[in-house]
Novice: 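Submitted below is the structure of interest, expressed as structure tokens.
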Amino acid sequence: FDPRRVTSCVAAELPDSVPTVFEVVGGPAEAVRYSVLVTSQAGGQLIVEVAPNGAVLSGDPVSSDAPRGGGCPSRRAPPW
């Protein structure tokens, strides 16, 4: 896979945000989920799930009450 292709639509749709984390999660039967954590200029964050072709599938805001320093933002269950 090409990480630039997978993240290309996120950059195009959120040009004022900076990608800070790119995550690839594999599951049974060769299932793969791609997510990008982006931070806006105002400091807000989104977890953006993308398809292998880069299409944006969803965007979930990171809760401001998420634990700091090693805490994980809540996420939807994986599709498998």
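Values in this document were obtained by computation on a predicted structure and should not be read as measured data. For this chain, numbers begin at 1 and follow the sequence in order. As a basis for the values below, the full set of heavy atoms in this structure was taken, side chains included, without hydrogen atoms, waters or symmetry mates.
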Novice: Dump the intermediate steps for side-chain hydrogen bond (donor to acceptor under 3.5 Å, both in side chains) on Thr39 and Gln45, then the final yes or no.
Specialist: CA-CA 4 Å; Thr39 303; Gln45 293 183 312; 3.1 Å; yes
Novice: Do Val50 and Leu57 come within less than 4.5 Å of each other through their side chains, counting heavy atoms only?
Specialist: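 Of all side-chain heavy-atom pairs linking Leu57 with Val50, none is under 4.5 Å.
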Novice: With rounding to the nearest 0.5 angstrom, report the CG to CD1 distance, Asp60 to Ile47.
Specialist: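 Here the rounded value is 6.5 Å.
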Novice: Is there a donor-acceptor pair under 3.5 Å between the side chain of Ser8 and the backbone N or O of Gly54?
Specialist: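 No: the side chain of Ser8 does not pair with the backbone of Gly54.
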Novice: Applying the 4.5 Å side-chain criterion to the ILVMFWY set and letting contacts propagate, would Val48 and Val32 be lumped into a single cluster?
Specialist: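 Yes, it is one cluster - the side chains of Val48 and Val32 are joined through contacts under 4.5 Å.
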Novice: If Ile, Leu, Val, Met, Phe, Trp and Tyr residues are connected whenever their side-chain heavy atoms lie under 4.5 Å apart, and connections chain through other members, are Val18 and Val36 in the same group?
Specialist: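 No, Val18 and Val36 fall in different hydrophobic clusters.
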Novice: Say you draw a straight line from CG of Asn53 to CZ of Arg5; how long is it, rounded to the nearest 0.5 Å?
Specialist: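 Taking CG in Asn53 and CZ in Arg5, the distance rounds to 6.0 Å.
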Novice: Which atom names give the shortest non-hydrogen contact between Val38 and Ser17, and what distance separates them?
Specialist: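 Heavy-atom minimum between the residues: CB-CB, 4.0 Å.
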Novice: Closest approach of Tyr34 and Pro52, non-hydrogen atoms and distance?
Specialist: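 Heavy atoms of Tyr34 and Pro52 come nearest at CE1-CG, 3.7 Å.
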Novice: Ignoring hydrogens and angles, tell me if any N or O in the side chain of Ser40 forms a donor-acceptor pair with the backbone of Gly44 under 3.5 Å.
Specialist: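 Looks like yes, one N/O pair under 3.5 Å.
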Novice: Taking salt bridge (charged side-chain N to carboxylate O under 4.0 Å, His left out) as the test, write out the residues that go with Asp16, two or more places apart.
Specialist: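 Asp16: no salt bridge (charged side-chain N to carboxylate O under 4.0 Å, His left out) contacts found.
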Novice: Minimum heavy-atom separation for Ala51 and Val6, please, with both atom names.
Specialist: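 The pair with the smallest heavy-atom distance is O-CG1, 4.0 Å.
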Novice: Are Leu46 and Val24 grouped together when hydrophobic residues (ILVMFWY) are joined by side-chain heavy atoms under 4.5 angstrom apart?
Specialist: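 Same cluster: Leu46 reaches Val24 through Ile, Leu, Val, Met, Phe, Trp or Tyr contacts under 4.5 Å.
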